[in-house]
Amino acid sequence: MSKESEDFSTEIVQRGVENSGPNAGSISFSVRVRPRLPDFLSSVNLKYVKLGYGYLISHRLYLLLAPPLLAGFVARIGNFTWHDLYDKYGLIDILFISALLFILLYFYIDFTPGSTYLLDFSCFRPSNEYKISKAEFIELAKKSGNFNDATTEFQERVLKKSGMGDETYLPKGVFRPGYRNSLKDGREEVSMVMFGAINDLLAATKVKAKDITILIVNCGILNTTPSLSSMIVNHFKLRHDIHSFNLGGMGCGAGITAIDLAKDLLDAYPRTYALVVSTEAVSSTWYTGNDIEMQLPNCFFRMGAAAIMLSNFRLDKWRAKYELKQLVRTHKGMDNRSYKSIHQREDSEGRKGLCVSKDIIEVGGHALKANITTLGPLVLPVSEQFHFFTNLILKKKKAKPYIPDYKLAFEHMCILATSKKVLDEIQKNLELTEEYMEASRKTLERFGNTSSSSTWYELAYLEFNSRIKRGDRVCQIACGAGFMCNSVVWKALRNVRKPKHSPWIEDEG
């Protein structure tokens, strides 16, 4: 089979009974050809392998320098005794030198970049009045008068195969006849989800609002003036010298981008708390036209927000849930197909919406493949890397390269809950078990695609089911417009008990 044919999947579709013509009365079929994820096992781009090892060496340079420096120090003072010290210096001098050394050591430890700890996080769950079933979605879409019959039929087909359940959340005002995106609706929605998530987080961490030094908010479509981050500063009365950032236009992958920015800022500012808020305004992404390429966000995006509290206080290690271990960001924007795969535009009638290209699955697959190939050297056991390199050097020309088993690198995976089809393809290509996919599938079913906050609902699912044990590694993977694929690895610092507050705790709210 040619390489080109391997990039597509075929599906036999029954078209029904022919009503006329020479084949009248017989059942007809058609073959539908669709793009698919690239076969991860067919090739390995060594550029990304090299990039991964570059990160490993730059992040572990001290491991190369420490042994020779330690050996030189031991050799220099090997014959030095306390008697020599007393003969040369008096007691006052010794005490002064010792105090000076301790002070220098304290400042070195305190001011050098340390670990980034995740104290806790919170995911917002809207009230039941926002719940919407798939049947109600179609009913409201028909009554709105905003969509023609072909569009509603397309929406119905997509929802049927989406993997979403009947309890996702959506602002039903978007189904108003003649609805147009407005700043008022957008602000009201993000205020509810963001403030709700932050309130729960502050209550869980006991961190005071005035102690937060860094604030990062990401929302893809809704960008207001003042910014969303300013809305939070104003509502919670955060400090006047806060380092505030607002990220937009990056889609579902922006949540991990925000974590990366927070880590860099924490490295620059010791003894600091950073608040990261990830959300998307569904009322602002909603499209009221009939361009099929712009209907997928309507079908999949749902309400949600996550608030994450990060710290670089060394003593916070004893109360934090996780420690950030690795973070890799891959951007494919230099490729035109990738760049144009998700973009906001206007249709022929001037209605704004997100256009999703037919190439999105293939484009996303290449970005994911590049990202995990870069991540591999940072997380895989030495044995797996050894097998990979020996196979790469000794393999025959037509043999497929050895692909490391990523299940040995992580105990849990939180893959962006985009759609059932995408999750099926990722599971197949990475050879993941149902256990690794459970959090993503359950989140898609219960909450839909909440954009950049989706992977946090998945981690909340794992915590709710008491899956996280001390030492477990959790990998979050998300893709976004641009086109980008980002991944972050957390290590559990303790057994995470079932939380008292979780979006997965059902109540009558």
Side-chain angles (χ1 to χ4, degrees), residues 1-13 31-45 48 157-165 251-253 256 293 296-297 299-301 328 330 332 335 337-338 341-342 356-376 400-401 403-407 409-410 412-445 448-451 454-455 458 475-487:
M1 184 180 292
S2 66
K3 180 182 182 302
E4 288 77 7
S5 62
E6 290 178 355
D7 290 336
F8 297 87
S9 61
T10 58
E11 178 184 0
I12 299 178
V13 181
V31 178
R32 183 178 298 164
V33 180
R34 295 177 174 176
R36 56 180 289 182
L37 283 179
D39 185 0
F40 286 14
L41 302 179
S42 64
S43 64
V44 174
N45 193 327
Y48 297 109
R157 290 199 307 271
V158 171
L159 289 173
K160 184 178 180 180
K161 300 178 181 179
S162 65
M164 294 194 300
C252 304
I256 298 178
E293 286 188 337
L296 288 179
C299 297
F300 287 103
F301 279 161
V328 173
T330 302
K332 305 286 284 186
D335 173 63
R337 274 209 315 163
S338 298
S341 60
I342 301 177
V356 180
S357 166
K358 296 178 180 179
D359 299 328
I360 187 63
I361 293 182
E362 183 183 356
V363 164
H366 285 299
L368 174 62
K369 178 179 177 180
N371 185 271
I372 63 171
T373 304
T374 305
L375 181 64
K400 291 184 177 181
I403 301 299
D405 185 359
Y406 284 90
K407 296 188 293 294
F410 320 111
H412 312 281
M413 295 190 75
C414 299
I415 302 168
L416 180 71
T418 49
S419 71
K420 180 180 182 298
K421 180 180 178 181
V422 171
L423 293 178
D424 288 343
E425 289 285 341
I426 292 176
Q427 179 179 9
K428 176 184 176 182
N429 276 275
L430 293 183
E431 298 181 349
L432 300 175
T433 63
E434 283 297 330
E435 183 179 2
Y436 279 89
M437 302 299 299
E438 183 178 340
S440 298
R441 294 190 187 280
K442 291 293 185 181
T443 298
L444 177 63
E445 178 184 359
N449 182 353
T450 60
S451 189
S454 182
T455 57
E458 295 168 21
C475 180
Q476 293 176 310
I477 300 177
C479 295
F483 190 87
M484 68 177 72
C485 180
N486 301 330
S487 58

Main chain of [Y], side chain of [X]: is a donor-acceptor contact present, judged purely on distance under 3.5 Å?
| X | Y | value |
| --- | --- | --- |
| Ser440 | Ile415 | yes |
| Ser454 | Thr450 | no |
| Asn486 | Ile256 | no |
| Tyr406 | Leu430 | no |
| Asn449 | Ser419 | no |
| Glu445 | Gly163 | no |

Point to revise | Audit row: Ile361, Lys421, side chain to side chain contact (heavy atoms under 4.5 Å, CB included) steps and yes/no | key: CA-CA 9 Å; Ile361 293 182; Lys421 180 180 178 181; 3.7 Å; yes
Looking at [X] and [Y], what are the two nearest heavy atoms and their distance?
| X | Y | answer |
| --- | --- | --- |
| Leu416 | Cys479 | CD2-O, 3.8 Å |
| Phe410 | Tyr436 | O-OH, 2.8 Å |
| Val363 | Ser341 | CG1-OG, 4.0 Å |
| Lys332 | Ala367 | CG-CB, 3.9 Å |
| Met437 | Leu432 | SD-CD1, 3.7 Å |

Review point. Mind checking what makes side chain to side chain donor-acceptor pair (under 3.5 Å) contact with Arg337, not counting sequence neighbours?
Key: Glu362
Sequence neighbours excluded, which residues qualify as salt bridge (charged side-chain N to carboxylate O under 4.0 Å, His left out) partners of [X]?
| X | answer |
| --- | --- |
| Glu438 | Arg467 |
| Lys160 | none |
| Asp424 | Lys420, Arg441 |

Compare all side-chain heavy atoms of [X] with those of [Y] and state whether any distance is below 4.5 angstrom.
| X | Y | result |
| --- | --- | --- |
| Lys358 | Glu293 | yes |
| Val328 | Ser487 | yes |
| Asp359 | Phe483 | no |
| Leu444 | Met164 | yes |
| Ile477 | Met413 | yes |

Study note, to complete from the structure: Residues passing the side chain to side chain contact (heavy atoms under 4.5 Å, CB included) test with Ala481, sequence neighbours excluded, are Ile342
Study note, to complete from the structure: Contacts of Glu435 meeting side chain to side chain contact (heavy atoms under 4.5 Å, CB included) (sequence neighbours excluded), chain-then-number -> Thr433
Review point. Roughly how far apart are Gln476 CD and Glu458 CD, rounded to 0.5 Å?
Key: 8.0 Å
Check your understanding: Measuring from Phe300:CZ to Cys252:SG, what's the distance to the nearest 0.5 Å?
Key -> 11.5 Å
